[in-house]
Amino acid sequence: MSNSSASAGNVVVIDSGLSSAWNKGRLVYQYDFYGNDNDVMVANANTHGALVTAEILENAPDVGIIALKVMPDDGSGASEANIEKALQWVVANADAYNITAVNLSLGGGAQTTAATTSISDELAALAAKRVLTVAAAGNSGDGGVSQSVSSYSADVNQICVSASTGDGAFPSWAQRSPTLTDVCADGTDVRITNLSGVTYTANGSSFAAPAVTAAVARAQQAWVEQTGTRLTQDEFLDLARSTGKAMGTAGYFELDTDALLAKIAQPAPVPTAQSATAITVNASGAPAGGVNAHFKLLVDGKTVGQATVDSAAKDYSFTTTLTAEQAHKVQIQYDNDAFVNGQDRNLFVNKVTINGTAHSPTAANVTYDKGALDGKDVVKGQPSMWWGGTLVVDAPAKDFPAQAAPANTTITVNASGAAAGGVNAHFNLLVDGQKVGEGVAGTAAKDFTFATNLTADQAHKVQVQYDNDAVVNGQDRSLFVNKVTINGHAVAPTASNVTYDKGALDGKDVVKGQAGLWWNGTLVVDADKSWFPSATATGAVASALSADHSAAGQDTVWQHLVAQGLEAAAPSHGDHTTALYDAVPSMDAYAHAAALVEHHPDPLHPFDAV
């Protein structure tokens, strides 16, 4: 088929296939990863994939559809391996097919915290390309007693959708979590009409997710028309939150697509110029009672960071974003002064450097506000802080020049690991001390791809933090980092700009970079500012994703939360009369695996033809 894009881009539906009873006129590409052929059509007129696809098209009629079938014709379930193959196709073809969104109305499991699976690297790669993946939260909600979502929807690189009633409440079967649910959408009695004019209603998070997928596609189209680029996942969710409708349960909101699109259509406000600010405090201290001096770094009265200072003078570095071309007060607040057994604890500040400009503690623009930071007991600046108080640098506007817009940055870590006690090596990816993502490394080396926005034309520290070192029954768990690629710049772990900070990330036990992280610690890449240009291509993925996933459990069968037949609808939806069920023959039921029989179904039943 042609890969020409619809005006609103193309949406991928990874599901159970299509049927001739539903409009497939927007079909751009199809492939059956279960049957290994290019025909996704099935005999069941009301296949789950067809209903999901039809709902997307009813909400976003201008999108093209890419149907990727991952399960047998009866829709009974899909292996994670087939789902991963489908996602790998999406990663490889996202640009050629102008793919804007992926719908995963799949379910299984009950995750209470963010989780990774074998498809996490594909989801991260799609997020880097600003292709947003929407996943159903599941239907095992047990009245909200448990706070969990299905395993797929717990990945940080997709949008987790819980089903609501459309009027601020949850149906009893809706899985949700205040920390994992990103957005809610109506998943009760969702009306979908086929080519014959028969209108059906569907229930479940499987039918809440397509409304969000359609909103993503429409929002991306509007955003591209306004800005020339696509929304990131965080940007879309920020818009959805700011325009959504608060629900009766605190912390949740329902999608309002019309309000979201209206907000995008508003003229963009003139942005305030920002300064990505690096502040370095060179300090030492005198301990008392075995406790070192401690300080907080504040800017204009707001805490930016803190540090505990020992007797050797050293640099303590912090980063923050401030209004550009405006003066700011940079404040070093000594907060644990004490006299213990004849020892006087003190803080000594030797120099404060702001975006490369050094300020001496005795400079004319520096004062020492003793005691509370209240502007009362203020003296000239001095390096020795004998009392609790705050050294205040009145930094001029020129110390905070305007910066280029944030650079869209892609970071790929090629790594493997040695397991111990059946647990693989785990790492966090940080940039300038802030977490960007995480990964679990098996024995086979593979790429882990992450996307983030960083200040352009400024150096950054890219940090691979290994955090679960252990020896179990003679097995030594370790992490091996083979390469770190930053916006196309490949760095070996032994390069001159790479160090290994053993233990805590505190700059103390630092050695040259090495591939084998035998102890907990952080591999730190001092990346040059030229690697973060403001014109960095959006979402460029540095290297191909590995298709080798050998960890246990990756071939487990994942089930659709789908139709169970007409009789399944009655207990949950008593407002539908018996006569209505008699009017139309029952549809075929999808068979759930025994492990999922407790799941509330996504019931489907027809209304009278209209």
Side-chain angles (χ1 to χ4, degrees), residues 1-18 24-41 49 52-53 56-57 60 62-71 78-106 118-135 152 155 157-159 210 213-214 216-217 220-221 224 229-233 408 410 412 446-451 488 537-549:
M1 293 186 178
S2 169
N3 65 349
S4 60
S5 297
S7 59
N10 296 315
V11 170
V12 176
V13 179
I14 298 177
D15 216 292
S16 62
L18 302 179
K24 61 182 186 295
R26 306 294 301 184
L27 192 61
V28 172
Y29 179 85
Q30 60 177 308
Y31 193 81
D32 181 354
F33 285 93
Y34 179 84
N36 295 315
D37 59 44
N38 61 357
D39 184 7
V40 302
M41 306 304 291
V52 167
T53 302
I56 291 171
L57 287 172
D62 292 334
V63 301
I65 295 295
I66 294 174
L68 302 181
K69 184 169 173 279
V70 292
M71 58 186 64
S79 72
E80 193 164 319
N82 282 341
I83 297 168
E84 184 175 27
K85 288 177 184 177
L87 284 168
Q88 287 171 343
W89 184 93
V90 180
V91 172
N93 293 278
D95 297 331
Y97 280 85
N98 188 24
I99 296 170
T100 61
V102 179
N103 191 92
L104 287 176
S105 285
L106 309 171
S118 66
I119 68 170
S120 292
D121 49 354
E122 284 82 15
L123 294 176
L126 291 174
K129 290 175 172 287
R130 303 193 180 200
V131 176
L132 307 192
T133 303
V134 179
Y152 280 155
D155 194 289
N157 285 305
Q158 50 69 57
I159 297 170
T213 300
V216 166
Q220 293 290 39
Q221 178 187 21
V224 168
T229 188
R230 289 182 187 164
L231 292 160
T232 65
Q233 178 175 306
N408 298 316
T410 299
T412 300
K446 59 176 282 187
D447 285 339
F448 298 83
T449 301
F450 307 88
T538 299
V541 175
S543 53
L545 292 166
S546 168
D548 182 14
H549 299 286

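- A 4.5 Å side-chain heavy-atom check between Glu84 and Trp89 finds every atom pair outside the cut-off.
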Worked verdict on Val90 versus Ile99 for side-chain contact (heavy atoms from CB on, under 4.5 Å): CA-CA 8 Å; Val90 180; Ile99 296 170; 4.0 Å; yes
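- Residues Phe448 and Thr412 fail the side-chain proximity criterion, which asks for heavy atoms closer than 4.5 Å.
- In terms of modelled atom types and a separation under 3.5 Å, the side chain of Asn82 and the main chain of Ala78 share no donor-acceptor contact.
- Remark: the Asn408 side chain and the Thr410 side chain contain no N/O donor-acceptor pair separated by less than 3.5 Å.
- Using modelled atom types and a 3.5 Å distance limit, the side chains of Asp155 and Ser120 yield a donor-acceptor pair.
- Classification of Lys69 and Asp15 as a salt-bridged pair fails, no side-chain N sitting under 4.0 Å from a carboxylate O.
- Side-chain atoms of Arg26 come within 3.5 Å of backbone N or O of Asp62 as a donor-acceptor pair.
- The shortest non-hydrogen separation linking Ala101 to Thr213 is CB-CG2, 4.0 Å.
- At a threshold of 4.5 Å between non-hydrogen side-chain atoms, the residues Ile65 and Val63 count as touching.
- How far OG1 of Thr229 is from CZ of Arg130: 4.0 Å, rounded to the nearest 0.5 Å.
- For the pair Thr133 and Leu126, the tightest heavy-atom approach, listed with the atom from each and the gap, is OG1-CD1, 3.8 Å.
- Between Val13 and Gly49, the shortest heavy-atom contact is CG1-O, 4.4 Å.
- When each of Val52, Ile14, Val12 is checked for a side chain to side chain contact (heavy atoms under 4.5 Å, CB included) with Leu104, only Ile14 meets the rule.
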Asp121 and Thr449: CA distance, side-chain angles, deciding distance, side-chain contact (heavy atoms from CB on, under 4.5 Å) verdict: CA-CA 6 Å; Asp121 49 354; Thr449 301; over 6 Å; no
Intermediate values then yes/no, side-chain contact (heavy atoms from CB on, under 4.5 Å), Thr53 and Leu57: CA-CA 6 Å; Thr53 302; Leu57 287 172; 4.3 Å; yes
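- The structure places CE of Met71 at 5.5 Å from CG of Leu106, a figure rounded to the nearest 0.5 Å.
- In Tyr34, the OH atom is not crowded: 12 or fewer heavy atoms of neighbouring residues, nucleotides or ligands sit closer than 6.0 Å.
- Put simply, CG on Asp39 and OH on Tyr31 are 11.5 Å apart, with the number rounded to the nearest 0.5 Å.
- Nearest approach of Lys129 to Arg230, heavy atoms of both residues: O-NH1, 3.8 Å.
- Val70 and Phe33 make their closest contact through CG1-CB, 4.5 Å (heavy atoms, listed as atom of the first residue, atom of the second, distance).
- Interatomic distance, Ile56 CD1 to Ser105 OG, rounded to the nearest 0.5 Å: 7.0 Å.
- Smallest separation of non-hydrogen atoms from Val11 and Ala217: CG2-CB, 3.9 Å.
- Within the 3.5 Å criterion, the main-chain N or O of Tyr97 finds a donor-acceptor partner in the side chain of Asn10.
- If you take OG on Ser16 and CG on Leu68, they are separated by 12.5 Å, rounding to the nearest 0.5 Å.
- To the nearest 0.5 angstrom, Asn157 atom CG is 6.5 Å from Leu123 atom CG.
- Proximity of a side-chain donor or acceptor of Glu122 to a complementary backbone N or O of Val91 within less than 3.5 Å is not detected.
- In this structure, the side chain of Thr100 does not engage the main chain of Gly9 through any donor-acceptor pair within 3.5 Å.
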Residue pair Tyr152, Ile83: steps toward the side-chain contact (heavy atoms from CB on, under 4.5 Å) verdict: CA-CA 11 Å; Tyr152 280 155; Ile83 297 168; 2.9 Å; yes
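- Side-chain N or O atoms of Gln233 include one that pairs as donor or acceptor with a backbone N or O of Gln158 at under 3.5 Å.
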